[in-house]
Protein chains: 2
Amino acid sequence: MTIRESILHIYPLPEASLRLLMELLEPVQLRKGYILLQADKVEKEVYFIEKGIVRAYAEREDSDITFWFGQEGDIVISMRSYVDQQAGYESIELLEDCNLYRVHSHTLQQLFETDIAIANWGRRFAEKELIKTEERLISRQFRTATERYQELMQHQPGLLQRVSLGHIASYLGITQVSLSRIRADIR
Amino acid sequence: MTIRESILHIYPLPEASLRLLMELLEPVQLRKGYILLQADKVEKEVYFIEKGIVRAYAEREDSDITFWFGQEGDIVISMRSYVDQQAGYESIELLEDCNLYRVHSHTLQQLFETDIAIANWGRRFAEKELIKTEERLISRQFRTATERYQELMQHQPGLLQRVSLGHIASYLGITQVSLSRIRADIR
DNA sequence: CGCATTTTTTATCATTTGTAAAATGATATC
DNA sequence: GATATCATTTTACAAATGATAAAAAATGCG
């Protein structure tokens with residue numbers, strides 16, 4: 001999926017608006033392990049993923065939990081920085097070498113205020129993420145850990161190949177030991 | 001908080017846009033127990049809560065889980081209907097007699113396409129809800145049920161007075177029995 | 001008030017999940 | 001090939017939570 005396609009996949013933009021948005025994007029290549037955004041900082045950049053996979057995680061004392069994976073076509077953002085100019089709760093780590101496109105959050109905000117199609121594109125982006133997050137919250141409660149794992153295998157089989165089971169376990173809301181037990185039981 | 005204030009609280013609108021939006025709103029009074037929106041239907045209405053409290057819940061076989069409470073100033077919406085014209089996952093039940101304002105989702109969508117301030121208002125609304133939902137997902141994982149309950153008591157003490165503990169327990173992701181134990185331990 | 005209904009608490013037992021530590025497996029580097 | 005490092009699985013035990021049933025308390029209503 002090209003960047004162009006992934007932008008249009010969120011919300012259809014007229015050619016002029018699309019061009020406005022795409023002109024802002026600067027390509028960046030970064031290596032696996034790089035920390036793209038840091039929690040507790042007001043992050044001013046937004047990234048589009050062309051190639052690679054990243055995780056968003058929140059830290060606490062010794063452990064961290066992964067609550068989002070970003071892949072080709074996804075947008076990486078420090079939500080609280082982007083919305084409220086406040087330090088965010090998430091850090092972003094590259095789990096593979098990545099080809100990204102970067103845009104200053106401020107520049108994007110300016111487009112939102114001047115181009116109505118892009119404002120609606122930004123609206124739709126947030127709405128879609130919201131639906132996905134709510135569904136995960138609900139799934140946590142209705143389904144057992146085993147069911148959630150099987151669901152993930154069905155819907156995102158590629159993820160299992162690209163991401164360590166420790167991160168997957170955290171994403172599913174269980175420990176790695178627990179996930180290992182589940183995998184043994186299913187077998 | 002008036003409807004006017006709660007709209008502006010989400011995102012500042014110029015007077016003209018605010019008027020456009022408010023003119024669409026029709027007041028409705030409904031009684032406790034009324035089911036405002038139904039899961040598995042494409043719901044065409046959006047509601048603003050002026051007075052009262054509601055819950056969003058998802059059903060499954062015998063049980064249901066509450067994953068959102070709406071109070072004065074909040075907006076009630078079937079997210080998937082609103083975004084994708086698809087049947088939603090949530091039903092909405094009034095937990096008190098409510099004063100609401102209703103607007104057709106379609107009418108609102110038209111405003112989004114013609115008034116850039118309102119489009120950005122809609123964007124900000126979704127973004128704020130997204131942040132709240134992500135934070136809850138993270139909190140589920142980091143904090144024990146006891147901590148989550150104490151957090152809720154601190155941040156939303158009013159909720160405990162207005163909503164049954166069964167719904168609260170479900171919202172916290174535990175059973176009512178479990179919540180009752182927690183309350184006994186804290187005492 | 002008195003009865004019926006709903007909500008909340010208490011008790012018991014089964015199950016799930018977490019914690020900690022060790023064992024195994026995989027991969028990279030010298 | 002030996003060693004170091006990291007990921008995964010396994011084991012044993014402890015703690016948290018769920019399921020169920022029943023009692024107690026609170027609420028609503030004629």
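In what follows, chains are A, B, ... by sequence order, proteins preceding strands, each numbered from 1.
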Side chain of B/Ser178 only, heavy atoms from C-beta on: which candidate in D/dA19, C/dG18, D/dT17 is closest?
D/dT17
Indicate yes or no for a side-chain donor-acceptor contact from B/Thr133 to the backbone of B/Glu129 under 3.5 Å, with no hydrogens or angles considered.
yes
I want to check one thing: is the phosphate of D/dG18, taken as OP1 and OP2, less than 4.0 Å away from some side-chain N or O of B/Thr175?
yes
Would you check if the side chain of B/Ser63 reaches a backbone N or O of B/Glu59 as a donor-acceptor pair within less than 3.5 Å?
no
Using a cut-off of under 3.5 Å, enumerate the N/O to N/O pairs linking the protein to nucleotides 8-16 of chain C.
residue: C/dT8; atom: OP1; partner: B/Leu165; partner atom: N; Å: 3.2
residue: C/dT8; atom: OP2; partner: B/Leu165; partner atom: N; Å: 2.8
residue: C/dT8; atom: OP2; partner: B/Gly166; partner atom: N; Å: 3.4
residue: C/dT9; atom: OP1; partner: B/Arg183; partner atom: NE; Å: 3.3
residue: C/dT9; atom: OP1; partner: B/Arg183; partner atom: NH2; Å: 3.2
residue: C/dT9; atom: OP2; partner: B/Ser180; partner atom: OG; Å: 3.1
residue: C/dT9; atom: OP2; partner: B/Arg183; partner atom: NE; Å: 3.3
residue: C/dT9; atom: O5'; partner: B/Ser180; partner atom: OG; Å: 3.2

From the options B/Ile35, B/Val76, B/Leu36, select the one residue that forms a side chain to side chain contact (heavy atoms under 4.5 Å, CB included) with B/Leu94.
B/Leu36
Separation of D/dT27 atom P from B/Gln161 atom CD, nearest Å, is 11 Å
Taking CG from B/Leu95 and C1' from D/dT27, how many angstroms apart are they, rounded to a whole number?
16 Å
Under 6.0 Å between ring centres: does that hold for B/Phe69 and B/Tyr171?
yes
So, B/Asp115 side chain and B/Ala117 main chain: donor-acceptor pair closer than 3.5 Å or not?
yes
To the nearest angstrom, how far is A/Arg143 atom CZ from D/dG18 atom P?
17 Å
Roughly, in whole Å, what's the span from CD1 in B/Ile182 to C1' in D/dA15?
13 Å
For the pair made of CD1 in A/Ile186 and C1' in D/dT9, what is the distance, rounded to whole Å?
15 Å
In whole angstroms, how far is the C1' atom of C/dT17 from the CZ atom of B/Arg140?
16 Å
When the distance from CG of A/Leu172 to C1' of C/dG18 is rounded to whole Å, what number comes out?
16 Å
B/Asp185 CG to D/dA16 P: how many Å, rounded?
9 Å
Is a side-chain N or O of A/Trp121 found less than 3.5 angstrom from the main chain of A/Ile7, in a donor-acceptor match?
yes
